[in-house]
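These notes are about the structure you will find just below.
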Amino acid sequence: MGRHDGEAFVKRSYSAELRQLVAEVIRMGGLAEAQVVDAVDAVVRRDVALAQALIVRDLRLDTLQAEVERRALALIAHHHPGEADLRRAISTLKLAMNLERCGDLARNIAKRSLVLSAGEPLLPLTGAIERLGRLVASRLRAVLDAYAAGDVEPALDVWRRDGEVDEHYESLFRELLAHMANGPDSVASGAHLLFVAKNLERIGDHATNIAEILHFQMTGEELQGERPKVSLPDAAVEGRNA
């Protein structure tokens with residue numbers, strides 16, 4: 001095999017390995033999205049079996065994230081890719097980390113749902129949780145579809161609309177605080193729903209993180225300016241940072 005043939009073989013090998021790595025990240029994305037949807041359903045439907053199954057399933061995401069990290073680092077070390085391919089390889093690392101964190105947050109929601117299922121349902125507030133959960137899941141699905149399609153525009157749309165998740169979270173936060181103030185018996189359940197809402201808002205942040213990662217991967221440029229946000233009251237800010 002001549003030098004040029006050898007270089008071509010190495011390049012084909014790298015491309016094949018990178019495609020496999022991207023496929024694993026897309027697979028992780030599908031699992032993470034399903035966990036978010038199921039976590040919200042577990043809260044809304046008070047489905048103990050679904051919550052318990054989700055908690056066990058999250059171990060799979062942890063394993064995949066570790067595998068993606070190992071393979072991405074090996075790919076970079078062995079092939080010394082050029083700038084564009086290096087961005088793609090590094091992006092797989094960052095994406096896997098964000099998706100694994102989404103899975104962790106969904107698992108935490110599932111754990112809260114187990115406690116909530118043992119108490120009286122807070123139906124109007126559960127409906128607000130469902131709306132926030134659907135919004136967050138749709139944001140995550142949009143950026144994952146953008147990644148699979150190699151299209152930055154849907155990811156940019158998620159980034160521009162980041163404030164919508166904050167608006168829903170702020171509204172739900174106010175509702176929960178008012179409900180807990182007017183009904184002392186609902187304080188315990190309300191506190192768990194506050195944590196559920198906070199976890200959903202953080203999943204929304206991870207979707208926006210993914211949008212930023214995709215923009216850099218595809219353009220080589222950082223997104224300029226601050227993420228579009230809404231002004232949150234002090235109490236809501238404290239809830240987000242808790």
Open item on the list: Side-chain heavy atoms under 4.5 Å apart, restricted to Ile/Leu/Val/Met/Phe/Trp/Tyr: what other residues fall into the cluster of Ile55, or is it alone?
Closed with: Val48, Leu114
Open item on the list: Under 4.5 Å between side-chain heavy atoms, counting indirect links through other Ile/Leu/Val/Met/Phe/Trp/Tyr residues: same cluster for Leu116 and Val187 or not?
Closed with: yes
TODO: Mind jotting down which residue pairs meet the side chain to side chain donor-acceptor pair (under 3.5 Å) criterion with at least one end in residues 137-156? Sequence neighbours excluded, please.
DONE: Glu33-Arg141, Arg139-Glu164
- [ ] Would you confirm whether His206, through its side chain, and Arg101, through its main-chain N or O, come within 3.5 Å as a donor-acceptor pair?
- [x] no
- [ ] Give the cluster check for Leu50 versus Val37: same hydrophobic cluster or not, with ILVMFWY residues linked at side-chain heavy-atom distances below 4.5 Å.
- [x] no
Task: Contact check, side chains of Val40 and Ile109, non-hydrogen atoms, under 4.5 Å - done: no
Task: Atom of His215, atom of Val152 and distance for their closest heavy-atom approach - done: CA-CG2, 3.7 Å
- [ ] Look at the side chain of Arg112 and the backbone N and O of Leu193, then say whether any donor-acceptor pair between them is shorter than 3.5 Å.
- [x] no
Open item on the list: Grouping I, L, V, M, F, W and Y whenever their side-chain heavy atoms are under 4.5 Å apart, do Leu64 and Leu54 come out in a common cluster?
Closed with: no
Task: Lys/Arg N to Asp/Glu carboxylate O, Glu24 vs Arg27, below 4.0 Å - done: yes
Open item on the list: Same cluster or not: Leu31 versus Val25, using hydrophobic residues (I, L, V, M, F, W, Y) connected whenever any side-chain heavy atoms lie under 4.5 Å apart?
Closed with: yes
Task: Over all atoms of both residues, closest heavy-atom pair of Pro154 and Ala146 - done: CB-CB, 4.0 Å
TODO: Any pair with a residue in residues 39-52 that passes salt bridge (charged side-chain N to carboxylate O under 4.0 Å, His left out), sequence neighbours left out, goes on the list, sorted by first then second residue, please.
DONE: Asp41-Arg45, Asp41-Arg134, Arg45-Asp47
Open item on the list: Please give me the minimum heavy-atom distance between Ala128 and Leu172, naming the atom from each residue.
Closed with: CB-CD1, 3.5 Å
Task: Audit row: Phe173, Glu170, side chain to side chain contact (heavy atoms under 4.5 Å, CB included) steps and yes/no - done: CA-CA 5 Å; Phe173 193 93; Glu170 176 189 357; 5.6 Å; no
Open item on the list: Using 0.5 Å steps for rounding, measure from the CD atom of Glu100 to the CG atom of Leu95.
Closed with: 13.5 Å
- [ ] Give the other cluster members for Leu93, using side-chain heavy-atom distances under 4.5 Å between Ile, Leu, Val, Met, Phe, Trp and Tyr residues; answer none if it is isolated.
- [x] Leu73
Open item on the list: What I'd like to find out is whether the side chain of Ile26 reaches to under 4.5 Å of the side chain of Leu144, using heavy atoms alone.
Closed with: no
Open item on the list: Is there a path of hydrophobic side-chain contacts, each under 4.5 Å between heavy atoms of I/L/V/M/F/W/Y residues, joining Val44 to Leu176?
Closed with: yes
Open item on the list: Check this for me: does any side-chain nitrogen of one of Asp104 and Arg107 sit under 4.0 Å from a carboxylate oxygen of the other?
Closed with: yes
- [ ] In sequence, state the C-alpha distance, the side-chain angles, and the governing distance for Gln65 and Leu61, and then conclude on side chain to side chain contact (heavy atoms under 4.5 Å, CB included).
- [x] CA-CA 6 Å; Gln65 189 269 329; Leu61 263 184; over 6 Å; no
Open item on the list: If we ignore hydrogens and angles and just use 3.5 Å, is the side chain of Asn98 paired with the main-chain N or O of Lys94 as donor and acceptor?
Closed with: yes
- [ ] Under 4.5 Å between side-chain heavy atoms, chaining through other members, with only Ile, Leu, Val, Met, Phe, Trp and Tyr counted: pull out the rest of the cluster around Leu86, sorted by chain and number.
- [x] Ile76, Ile90
Task: Pairs touching residues 176-186 that satisfy salt bridge (charged side-chain N to carboxylate O under 4.0 Å, His left out), sequence neighbours left out - done: none
Task: Asn182 side chain vs Ala178 backbone, donor-acceptor pair below 3.5 Å - done: yes
Task: Leu214 side chain reached by Met218 side chain, heavy atoms, under 4.5 Å - done: yes
Task: Validation row: Glu222, Glu212 side chains within 4.5 angstrom (heavy atoms) - done: no
- [ ] Please name the pair of heavy atoms, one in Val143 and one in Ala207, separated by the smallest distance, quoted to 0.1 Å.
- [x] CG1-O, 3.6 Å
TODO: Evaluate the side-chain proximity of Arg71 to Glu17: yes if any heavy-atom separation is below 4.5 Å, no if none is.
DONE: no
Open item on the list: Tell me the closest heavy-atom pair linking Ala51 and Ala110, and the distance in Å.
Closed with: CB-O, 3.7 Å
- [ ] Please check if the side chain of Ser91 supplies one atom and the backbone of Arg87 the other of a donor-acceptor pair under 3.5 Å.
- [x] yes
Task: Heavy-atom closest contact (Ala72 atom, Thr92 atom, distance) - done: CB-OG1, 3.7 Å
Task: Test item: Leu99 and Leu140 side chains (from C-beta on) under 4.5 Å apart, heavy atoms - done: yes
- [ ] Could you check if a side-chain atom of Arg131 sits within less than 4.5 angstrom of a side-chain atom of Leu135, using non-hydrogen atoms only?
- [x] no
Task: Beyond-backbone contact of Leu223 with Leu156, side-chain heavy atoms, under 4.5 angstrom - done: yes
